[in-house]
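When a ligand or atom number is given, it counts from 1 through the structure's own listing order. Values below: all heavy atoms of this structure, side chains included; hydrogens, waters and symmetry mates excluded.
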Amino acid sequence: MNDFNISALITPREKPATPLRVAVLGGGSFGTAMANLAARNGCETCMWIRDEKAAQDMQQSKRNKRYLPDFQLEETLQFSSKLEDVVPNRDIILVAIPSHSYRDVLKQIAPMISGQAIVSLTKGIEAETFCLMSDIIQQELPEVPFGVLSGPNLAKEIVANMPAGTVIASTSEALRNAVQTALHSALFRVFASSDVHGVELGGALKNIYAIAMGMGAAYNVGENTRSMLLTRALAEMSRFAVTLGANPLTFLGLSGVGDLFATCSSPLSRNYQIGYALGQGKNLEEAIAALGQTAEGINTIRQVSAQSRLLNVYMPITNALYEVIFEGKPPLGIALSLMQNGHRSDVEFVLPHEQV
Ligand SMILES: NC(=O)C1=CN([C@@H]2O[C@H](COP(=O)(O)OP(=O)(O)OC[C@H]3O[C@@H](n4cnc5c(N)ncnc54)[C@H](O)[C@@H]3O)[C@@H](O)[C@H]2O)C=CC1
Ligand SMILES: O=C(CO)COP(=O)(O)O
């Protein structure tokens, strides 16, 4: 079978006369994937990696040997372990730090911020505060233009030049345009939205259901079951997000159903891998240790389960997962009780539950 290799047909872009200056904070797989795209588009791009040895090695080899060992990165991409070399005098700062350390890193860069725009790449929720990354940006860096980037963007597929699309969400048109200029190409289409929380919640919440789908794969569930789970997941996540002020239509886009589908279908997803390991009988600690990378969904299940009870939002799948993972309830018994739930509306924005 032929590979779908359209990258071979693309002529490299000319370097723009006044290239955008882009910083990427975080040396994991997604930060690297986005930094590589920006560098390829002619942006002056530098990544911040906190570990000095790793930064030096990446600067010399132009490879991320820990997270993306099979891929040669752009020759022009720069690396540094010093925030003061990376953050000042930039147009855009892309932040790809896991949610548990996000606020800490923003506090470190706050004294270096003048006119830079901040864009979150992180798909998580802060433990204890229930802040999304855009909330943390506004709290730690008030007055700074900000946005979030989210979509079906498995990092390994992007660095392998497989076509993908994403969404930049911001209320600032100038910021949306700048991010499109930095990242958009024939291999990576960057669509726009103004629903920041909706786009961000799509990216964070789908990790919950990727864990459920990974477990389902370990149990060999059928396609009908997978489709039902995926669609009810979409109903549940949009219900929750709308309660927090998001537009339900956002969930029809790439950052909603698009990312849900990609992450719930792909063994490349770390959250799916965690679910698969749990379904095979590993405990949570073993599953996390075997992964060795960020899987935001575990913390997200905890946060969203608690928040759904506080806000009285019906989240049966999330709460079922919480019971299986954190309370040791039997997965099959919990799945049966989910199936025994009463009659509900298919799309509650069309037919409200009260009328069923
Ligand atoms: N990998 C993917 O396919 C995608 C990931 N994301 C999101 O991007 C975010 C980052 O994920 P990845 O890059 O995949 O993670 P990763 O697990 O590949 O790497 C995390 C990186 O963050 C660094 N880090 C952790 N704590 C830090 C701290 N306190 N200070 C400085 N650096 C720190 C680690 O050293 C590592 O380089 C996550 O929220 C994830 O949901 C979003 C889209 C796709
Ligand atoms: O968000 C992702 C793809 O869009 C990556 O998902 P994981 O964090 O589960 O790998």
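Residue-ligand proximity, Leu154 to ligand 1, at heavy-atom distances under 4.0 Å covers atoms 3 (O). Less than 4.0 angstrom separates some heavy atom of Ile97 from each of these atoms of ligand 1: 31 (C), 32 (N). Heavy-atom proximity to Asn153, at under 4.0 Å, picks out these atoms of ligand 1: 3 (O), 43 (C), 44 (C).
Here's the thing with Thr294: none of its N/O atoms is less than 3.5 angstrom from an N/O atom of ligand 2.
Scanning the protein for heavy atoms near atom 3 (O) of ligand 1, the closest one is Ala155 N, 2.9 Å. Looking only at heavy atoms of the protein, atom 10 (O) of ligand 2 is closest to Arg270 NE, 2.5 Å. Summary of contacts: the protein heavy atom closest to atom 4 (O) of ligand 2 is Asp259 OD1, 2.7 Å. Of the protein's non-hydrogen atoms, Gly28 CA, 3.1 Å is the one closest to atom 19 (O) of ligand 1.
When non-hydrogen atoms are compared, ligand 1 lies under 4.0 Å from the backbone of Phe30 as well as from its side chain. Looking at Lys123 against ligand 2, only its side chain comes within 4.0 Å, counting heavy atoms. The proximity of Thr294 to ligand 1, defined as any non-hydrogen pair under 4.0 Å, involves the side chain as well as the backbone. For Tyr102, no heavy-atom contact with ligand 1 is shorter than 4.0 Å. The proximity of Ser29 to ligand 1, defined as any non-hydrogen pair under 4.0 Å, involves the side chain as well as the backbone. Looking at Val105 against ligand 1, only its side chain comes within 4.0 Å, counting heavy atoms. For Asn207, no heavy-atom contact with ligand 1 is shorter than 4.0 Å. Counting heavy atoms closer than 4.0 Å to ligand 1, residue Arg270 contributes side-chain atoms (C-beta onward) but none from N, CA, C or O.
The shortest separation from a heavy atom of Pro152 to ligand 2 is under 4.0 Å, placing the residue in contact. The shortest heavy-atom distance from Pro98 to ligand 1 is under 4.0 Å. At least one heavy atom of Lys206 lies less than 4.0 angstrom from ligand 2. Gly151 counts as a contact of ligand 2, since one of its heavy atoms falls under 4.0 Å from the ligand. The closest approach between Gly124 and ligand 1 stays at or above 4.0 Å for every heavy atom of the residue.
Between the CG atom in Leu311 and the CZ atom in Phe130 there is a gap of 7.5 Å [rounded to 0.5 Å].
Taking each heavy atom of Ala178 and Leu20 in turn, the nearest pair found is O-CD1, 3.5 Å. In plain terms, the two heavy atoms of Ser29 and Arg270 that are nearest each other are OG-NH1, 3.9 Å. Across every non-hydrogen atom of Lys107 and Pro111, the tightest pair is O-CD, 3.6 Å.
Judged by the 6.0 Å distance and 45° axis criteria, Arg176 is not positioned over the aromatic ring of Phe191.
Distances from atom 25 (C) of ligand 1 to the heavy atoms of Gln293, Met34, Arg50 show the closest one on Arg50. The closest heavy-atom contact to atom 8 (O) of ligand 1, among the options Leu121, Thr32, Asn271, comes from Leu121.
Looking only at distances, a side-chain donor or acceptor of Ser345 sits under 3.5 Å from a matching main-chain atom of Leu351. With hydrogens and angles ignored, the 3.5 Å screen pairs no side-chain donor or acceptor of Asn207 with any backbone N or O of Thr300. Lys206 contributes no side-chain N or O that, together with a main-chain N or O of Cys264, makes up a donor-acceptor pair within less than 3.5 Å. The closest donor-acceptor contact from the side chain of Asp91 to the backbone of Gln116 lies at 3.5 Å or more, if one exists at all. Between the side chain of Asp195 and the backbone N or O of Asn247, at least one donor-acceptor pair lies under 3.5 Å.
Between Tyr276 and Tyr272, the two ring planes are parallel [angle under 30°; tilted spans 30° to 60°].
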